[in-house]
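Labels below follow one simple rule: chain letters A, B, ... track the order of the sequence lines, proteins then strands, and each chain is numbered from 1. Hydrogens, waters and symmetry mates are skipped; everything else that's a heavy atom, side chains included, is used.
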Amino acid sequence: MARSQQPSKPFKSGTRSSSSSQKSFNASGYAKRKSLKSKTLSSGSLGDVYEYQTDKVRRGKLKLKLEKDEIAGAGRPMDEDDGSEDEGGAASSLRPRLLGENDDDDEIGEDEDEEIDSDEAFEESDEERYAGFSFAGSKKSGSKKKIQQRKKPVKSAHLEEVDLNEDSDDAQLQLAGEDDGSEEEEEEEEGDPDEFIDVLDMLDGRGEPQSEDDIKKVDKRGHHEVRAQVDDEDESASSEEDDDEEEDDDADEPIEPDYTPSDLEDEDPSALANLETFITNLDAGRKRKAPEDEPFTTQGQQDRATRKRRLLKEQTQVGVENEFAAQPGSMKLNIDDLLAPLAPSTTLQSLKKSVKVLTSTSNKTKTLSAPLPQRTQEKLDREAAYEQTKGEIDKWSATMRRIKEAEHLSFPLQAESAGKVSNLELAAKFKPTTPLESNISTLLKSAQMREQDLAHTESLKMNHLSVQEVAERRAELGRMRELMFRAEVKAKRVARIKSKAFRRLRKKARGKEKGKLGDGEEEDEGEEGEEAVLKREVERARERATLRHKNTGKWARGMKGRGEVDGDQRREINEMLERGERLRRRVQGRGSDDDSGSDEESGSGEAEDTIRAGAFDELRRLEEGGGGEEVQGKKGKSVFEMKFMKDAMAREQRRADQMVDDFVRELGGGVEGDGEDEEEHEHETDGRSHSHDVLSQRTGGRASFRPGNMTGYLRTVTSLASDTSSVTLKSTDLLPDGTSPSPITTSPLVVPRAVYSPELNTNPNPWLAPLDKSTAAKKKHEVAVGKESGGAEKSKNKLRKRVKKREEEREKEREDAVVDVEMSSVLTLGGGGSAGKSPTKEKKTESHLVVNDDDDEGEDSEVEAQEAALQEKGKGRRKDGQVRAFQQRELVARAFAGDNVVRDFANEKRREMEADAPKEVDTTLAGWGSWGGSGTTKAPPKPYLIKKLAGIDPKSRADYNKRHVVISEKKDKKAAKYQVKDLPYPYTSKAQFERSMDTPLGTEWNTRVGFQRGTLPKVVKKMGTVITPLEKMS
Amino acid sequence: MVKISVLQHAPATHLPSRPGDPTPTSRNLDPLMHPFAKARERTRALNAAKMERIFAKPFVAALEGHIDAVETMSRRPESLTVVASGSWDGGVIVHDIAQRTKLLHVEAAHKGKVSGVCFADETRLLSCGTDRNIKLWDTKSEYVDENGAGPSEPRKPLSIFPGKAAFNSIDHHRTDPLFATASSIVQVWDENKSAAISNLTFPTSTETISAVRFNLSESSVLASIGSDRTFTLYDIRTGKAERRVIMQFRSNALSWSPTFPTSVLLASEDHNLYTFDVRSLNEPTHIYKGHVAAVTSCDWSPTGLEFVSGGWDRTVRVWKEGVGTQPEVYHTKRMQRVTSTLFTADARFVLSGSDDGNLRMWKAKASEKLGILDSRERAAMEYRDSLKERWKFDPQVGRISRTRHVPKPVHKASQLKRTMLDARRVKEERRRKHTRAGESKPKAERKKVVVAEQT
């Protein structure tokens, strides 16, 4: 540090002497220094000497600066006087009195900071603590140290230490090695590599000044110059280039195997020459100057060299007198000389090798500075050691953080889990022991059926499959499975249809036989009939109770709402409807006994037909459904076009078809002749084709029944019910599919009902309307008209609830209805003709329909009825004009006359607020403390007698400006028990705290697992286990 | 025949189907059937708090044998039950705390007090004393008759390591055959060598080291406390005393945390305990205030989440890590100044050795039920604990679970202490009020502890 000012001073003196030729150089040098300085300054001011260990960057910077300055000084041709003065300054700068000298120099400009820094460091570190110690020595050692550390990267030294620390075993060995525990030894081991180097440097540096360099310097100025710098203990790394070279040397030497110190010596001149030329090339300014001042410089250099030599002596004398200082200025001593006596021994080579590292550094010819004062040194060592330990122990920080943050800790933390043995593990470990086992294993092995073999083959197969292919394969398999499943389902269904139809036919036949047998027992049947009726009644009641006979139940609605139903569900819906139908039929049968009875009897043959037709119908539908599915499948993926798929499907299809055919044949054969049957069948299907269209559409679409699916016939119906198209919509809504009679038949009878309904709607009293409805709804289904209007409303409601998609359709429907008012009569007539069935039957089915509607009605809640009434009311208003509406309002107003709710509420609130407001109570007692009599004026109340009662300011109330609520501000004492005054510590917000208290913990409010989780303690200790401290896992 | 109608019940409905299964309970899942959840839980929490206090009977046993104060205790590594204790009378006893028997009793192991004991391994015990000797004992219990009386001639140590000064403490390395002793310097010894292999000391120290402990996880690091109010950190790898901290008061005991290797606990003369992070020694990480006299001993629980301290105030206190107040207080009428404390290896019990020459065993959790618990009981206890934890902010619950009845002297002392501290605080405030604004700033309590950190 002290040296750093040395080169700067000649610079200034140079400028003072102001040789014009030097000016340009000075300018450039100044610029250089300026930039350098800014760098150093930016890196921070220079600190204490003793802080250098921790701060490496700063040192590097300082060094840089030093070098720059020095090379400038070296390259500059200087006056003899200046040079000598400079040297003297350099020599004396190591002493504290230099301080004053420096201060005397008024030309100190930009380098002032550094000087001050170094001086300050000097002062504070040395003067106060180590006054007794030689400054020069200490100073030099400090700077020396810096240089050393810059050269030998500090990292390496630290690395060594880290190694020492990390490997605890080594550390132990080391510890065992140091038997005495003396501190000097420790220090050495602690291993400032500098010190080793320094000793050896000293060895070399001793003889250096008088070495061959002296001879060389005469003829080669530049070389000498560089050499001289190298000689100088501070300027060892004089230029950056030089430094680089040296470092290169450092790097190279350990690598080259036989590069003995003597070799190094031999090569020295040439290498140095190279170096010198390199430097001169680089430094143009210096080169330019060189020839001009040559005589001066040579002499100056000689002077410098001699001075330097002298200086070195001085410095070494500072240190302790020892064997290294014994022979000053003699021949250069190197390691080889020392090793020479060992020549005969075999270990010489290895020794040389180990020594090489040392010689490489010794080559740089530096002298060793005196060591730091012991206390300082120790302090530095301790600091370094503490850093090391800290680093070591800091490795636990992640673990500690994890433990800290853990929600639950189970001690011992590092216990190995016992872990259950998996099957795979067992299988992997298995070794056949018994003869049986070994036999089996050999067998398996021979058959290549062992696990690994299988895996091998599989992997072979799967090797050239891409991900997509695999995915396709899997999809294919899935589809296959699906198909098979479908076929299965279909077969099952066919079987069921078959068996059902068969059973029915059988039943009929039996009934017929019975009828034939029991013709004579008509009278008995009367009684028997009574009994049967009763039985039927009971059965019906029972079935009613199950709600499985109609589609208003939750389940049915859910099914409907789902939109699409699969086969099973459809079947179930059908079943349900059938059952409902059956029930209804039974009831009907009782109501119009003779009619239906005759009908039944007359149409028994036909009934068989219908059954059969139904079965066929179903079968056909099934076919269609299957076809649809097939199409769908085809559309979906190309896998179905594959041959095997086709084959499989065809096979399945064939099987199912065969089944169907068999069934058809069986059925046909059972009743009539084949040919006739076929014709009949054909005819029947033909006749039914219209209705079937409708039906199949419905079933195929799998949607619930909606008007969009209606055919032309139905539309006529809607057109007939021009006003309340919803009536018909309703009827279509609830049309049962499947075996129920076709909707065509309904048309003639629906009309009158639809006509009636508006009449009903014109009920004058709005309050009575819903009552009427409800009673009507509750009435028996014989009163068709009254029910019907309700039904109409209800259907309307229902429709309103439908999705928008349907609304469009409905509107279309309405348009049609409006248009087709006139057509109604025509169609009614036509409808009578067009329905190709007997009127009686139509009537019957119609009545069924009515019943159906009605049942729905009855089951629906009163709420809907009321809603309907409201609807009705609105409608009526619209129709009858404003008068009625006004009446209505008036009625309401009358009903609630004198009910000033709002005002009352406001009053109440005001009262509440007043009661809570802060009050001032005058506690003056009349007649006390005042004069009485006539002529006395009433004194204002004394302030101390006015009692102030704290209350709640109306504006601070929670319900302030809220008109519709009164929020009490009174404290709830019972609730206070569950409240806290302040937010408890770990919580940061009220909401957070409330949330934590919100959910109860107990079993009553939690599931078992939730309870366990909620009450799991933070720390779990296993009873009777030793909890060992954390260990490093190796 | 007489017809007997029997009330039948199926055991399957109320008994577990398999031995390990939870007992089936029938309850209505409808939340409407369980109203007033909060109120009910609060009541339960209150009851739990009361029950905890009712069942808080921490004292388990007293182990006799010493005729003077129990100076030091040490538990055997990897053992739940074996604990060695050394006394002022020079005797060393190895207890089996489960059986409450003595495995070894050396009457005059040392002349003067036995200042430190520690186990070298499973069988051998090291003891040091003020007679400047370290002795290595074999604890294999040979000839002890049913009365616990040994042979007529006193037992001989396996080896003796002579020192130059009286030893105050000894601690063994966790894995290696090394141990450290504290006298005027810290010395590291090899079990196989008769002289210390290294001396560790801070150069300017002229103190008497009162305790030395190896770090448990980072086992080459050790720390000592000395009579000149210092705490010193050493590393046997670098072979240096690395850092020294001078505090306001001297410490009496130290203990390294087993789960947080950077954390060291100091029992200070100023009635407080401090934890330091050795990575930053300029201030403690936590201050634990509760004792009303000097804290003489401390020991971490093996979990590292609790520690126990014994004080000159005749109380043993069990602290939670990071909770600086409201420790659990244990005291007995006959227990004198507590000179040594120890946690057992399963973290369930606490041992205290006191001036009266007895070792006492306490439960680490005062209301814990000893013995086997069935799962339902455990669940109930856990439920109660979590209820208490949840409702600790409730004034009633909090008060009940906070309140401790301490002996009158302790209570009075704490009152006095509070008064004094309050007065000091008030004085400080007034002084500050009457100085120029910003002249003297209040200093954080933690910053006051360390006087200097020396490198």
Side-chain angles (χ1 to χ4, degrees), chain A residues 161 164-165 168 171-172 174-176 178-179 181 186 189-190 375 378-379 381-383 385-386 388-390 392-394 396-397 400 403-404 409 411-413 977-978 980 984 996-997 1000-1005 1008 1011-1012 1014-1017 1019 1021-1032, chain B residues 22 25 27 31 34 37-42 44 77-80 174 176 178 188 190 196-199 203 215-221 233 235-243 258-262 278-279 302-305 345-348 379 382-383 385-387 390 392-394 396 455:
Chain A
E161 279 192 301
L164 184 115
N165 278 349
S168 61
Q172 293 316 313
Q174 183 113 11
L175 195 88
E178 44 181 76
D179 47 355
E186 278 166 31
E189 275 182 342
E190 200 342 38
R375 285 183 65 178
E378 278 179 4
K379 194 172 177 181
D381 290 347
R382 278 200 302 271
E383 269 186 19
Y386 178 61
Q388 290 297 312
T389 305
K390 214 156 94 174
E392 276 296 300
I393 215 164
D394 201 35
W396 287 99
S397 57
M400 292 195 295
I403 294 173
K404 272 258 163 75
L409 288 170
F411 285 95
L413 288 172
K977 210 156 51 167
Y978 307 106
V980 288
S996 78
M997 298 292 283
L1001 281 172
T1003 42
E1004 289 91 338
W1005 304 278
R1008 196 167 58 82
F1011 172 74
Q1012 279 170 356
T1015 59
L1016 189 64
V1019 181
K1021 291 171 275 188
K1022 219 173 180 182
M1023 198 187 283
T1025 358
V1026 176
I1027 304 169
T1028 49
L1030 286 191
E1031 248 176 316
K1032 267 183 191 164
Chain B
T25 48
R27 66 189 173 85
H34 307 287
K38 214 164 188 178
R40 284 165 75 185
E41 292 232 309
R42 185 187 166 272
R44 283 179 197 176
E78 308 297 327
S79 159
L80 280 176
R174 188 173 174 195
D176 298 331
L178 297 171
V188 180
D190 194 318
I197 55 171
S198 68
N199 296 334
N215 193 333
L216 298 159
S217 302
E218 197 67 41
S219 50
S220 300
V221 176
L233 187 72
D235 193 331
I236 56 171
R237 292 170 296 192
T238 57
K240 279 187 173 48
E242 290 182 342
R243 191 145 291 210
T259 46
F260 301 101
T262 63
V278 291
R279 294 171 295 180
T303 60
L305 304 174
D346 58 353
R348 291 181 71 220
E382 282 169 3
Y383 179 44
D385 283 345
S386 36
L387 276 182
R390 170 174 282 200
K392 69 184 171 195
F393 309 115
D394 183 276
Q396 252 183 306
T455 56

**Q** Indicate yes or no for a side-chain donor-acceptor contact from Arg279(B) to the backbone of Lys390(A) under 3.5 Å, with no hydrogens or angles considered.
**A**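 Judged by distance alone, no pair lies under 3.5 Å.
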**Q** Given side chains that start at C-beta, do those of Met400(A) and Pro261(B) come closer than 4.5 Å, heavy atoms only?
**A** yes
**Q** Quick check: do Asn215(B) and Ile393(A) have side-chain heavy atoms less than 4.5 Å from each other?
**A** yes
**Q** Is Ser220(B) close to Glu392(A) at the side-chain level, that is, under 4.5 Å between some pair of heavy atoms?
**A** no
**Q** Do Ser217(B) and Trp396(A) come within less than 4.5 Å of each other through their side chains, counting heavy atoms only?
**A**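 In contact.
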**Q** In terms of heavy-atom pairs under 4.5 Å, which option from Gly304(B), Pro31(B), Ala241(B), Pro77(B) contacts chain A the most?
**A** Ala241(B)
**Q** Provide the closest heavy-atom pair for Leu413(A) versus Thr259(B) in the form atom of the first, atom of the second, distance.
**A**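 That would be CD1-CG2, 4.0 Å.
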**Q** Hey, which of Lys404(A), Gln1012(A), Lys1022(A) has the most heavy atom pairs under 4.5 Å with chain B?
**A** Lys404(A)
**Q** I'd like to check Asp394(B) versus Met997(A) (side-chain heavy atoms, cut-off strictly below 4.5 Å). Are they in contact?
**A** no
**Q** So which heavy atom on Leu80(B) is nearest to which on Gly1024(A), and how close?
**A** CD1-O, 3.2 Å
**Q** Flag the pair Thr303(B) / Leu409(A) as yes when at least one side-chain heavy-atom distance between them is below 4.5 Å, and no otherwise.
**A** no
**Q** Does any backbone or side-chain atom of Leu305(B) lie under 4.5 Å from a heavy atom of chain A? Answer side chain, backbone, both or neither.
**A**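 It is the side chain, since no backbone atom gets that close.
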**Q** Counting only heavy atoms closer than 4.5 Å, note whether Val278(B) contacts chain A via side chain, backbone, both or neither.
**A**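 Both backbone and side chain of Val278(B) come within 4.5 Å of chain A.
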**Q** If every non-hydrogen atom of Glu382(B) is compared with every non-hydrogen atom of Thr1015(A), which pair is closest and at what distance?
**A** CB-O, 3.5 Å
**Q** So do the side chains of Asp346(B) and Thr1025(A) get within less than 4.5 Å of each other, counting heavy atoms only?
**A**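 With C-beta onward as the side chain, the pair stays apart.
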**Q** Side-chain contact, heavy-atom cut-off 4.5 Å: Glu242(B) with Gln388(A)?
**A**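 Side chain of Glu242(B) against side chain of Gln388(A), heavy atoms only: no contact under 4.5 Å found.
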**Q** What distance separates Tyr386(A) OH from Arg243(B) CZ, expressed to the nearest 0.5 Å?
**A** 5.0 Å
**Q** Might you point out which heavy atoms bring Ser386(B) and Gly1014(A) nearest each other, and give the distance in Å?
**A**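 Answer, listing the atom of Ser386(B) first, then Gly1014(A): CB-O, 4.3 Å.
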**Q** Okay, side chain of Trp1005(A), backbone of His34(B): is any donor-acceptor separation there less than 3.5 Å?
**A**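 Yes; at least one donor-acceptor contact below 3.5 Å.
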**Q** Quick one: does any side-chain atom of Arg237(B) pair with a main-chain N or O of Thr389(A) as donor and acceptor, under 3.5 Å?
**A** no
**Q** Identify the heavy atoms of Leu1030(A) and Arg174(B) that sit nearest to each other, and give their distance.
**A** O-NH1, 2.9 Å
**Q** Give the minimum heavy-atom separation between Pro1000(A) and Arg390(B), together with the two atoms involved.
**A** CA-NH1, 4.0 Å
**Q** Does any heavy atom of chain A fall under 4.5 Å from the side chain of Leu233(B), the backbone, both, or neither of them?
**A** side chain
**Q** Are any side-chain N or O atoms of Thr455(B) and backbone N or O atoms of Glu383(A), one a donor and one an acceptor, separated by less than 3.5 Å?
**A**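 Flag not set: sc Thr455(B) to bb Glu383(A) has no pair under 3.5 Å.
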**Q** Let me know if Arg42(B) has heavy atoms under 4.5 Å from chain A in its side chain, its backbone, both or neither.
**A**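 Just the side chain, heavy atoms under 4.5 Å.
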**Q** Counting only N and O atoms by type, is there a donor-acceptor contact under 3.5 Å from the side chain of Glu41(B) to the main-chain atoms of Gly1002(A)?
**A** yes
**Q** For Ser219(B), is it the side chain, the backbone, both or neither that has a heavy atom under 4.5 Å from a heavy atom of chain A?
**A** neither
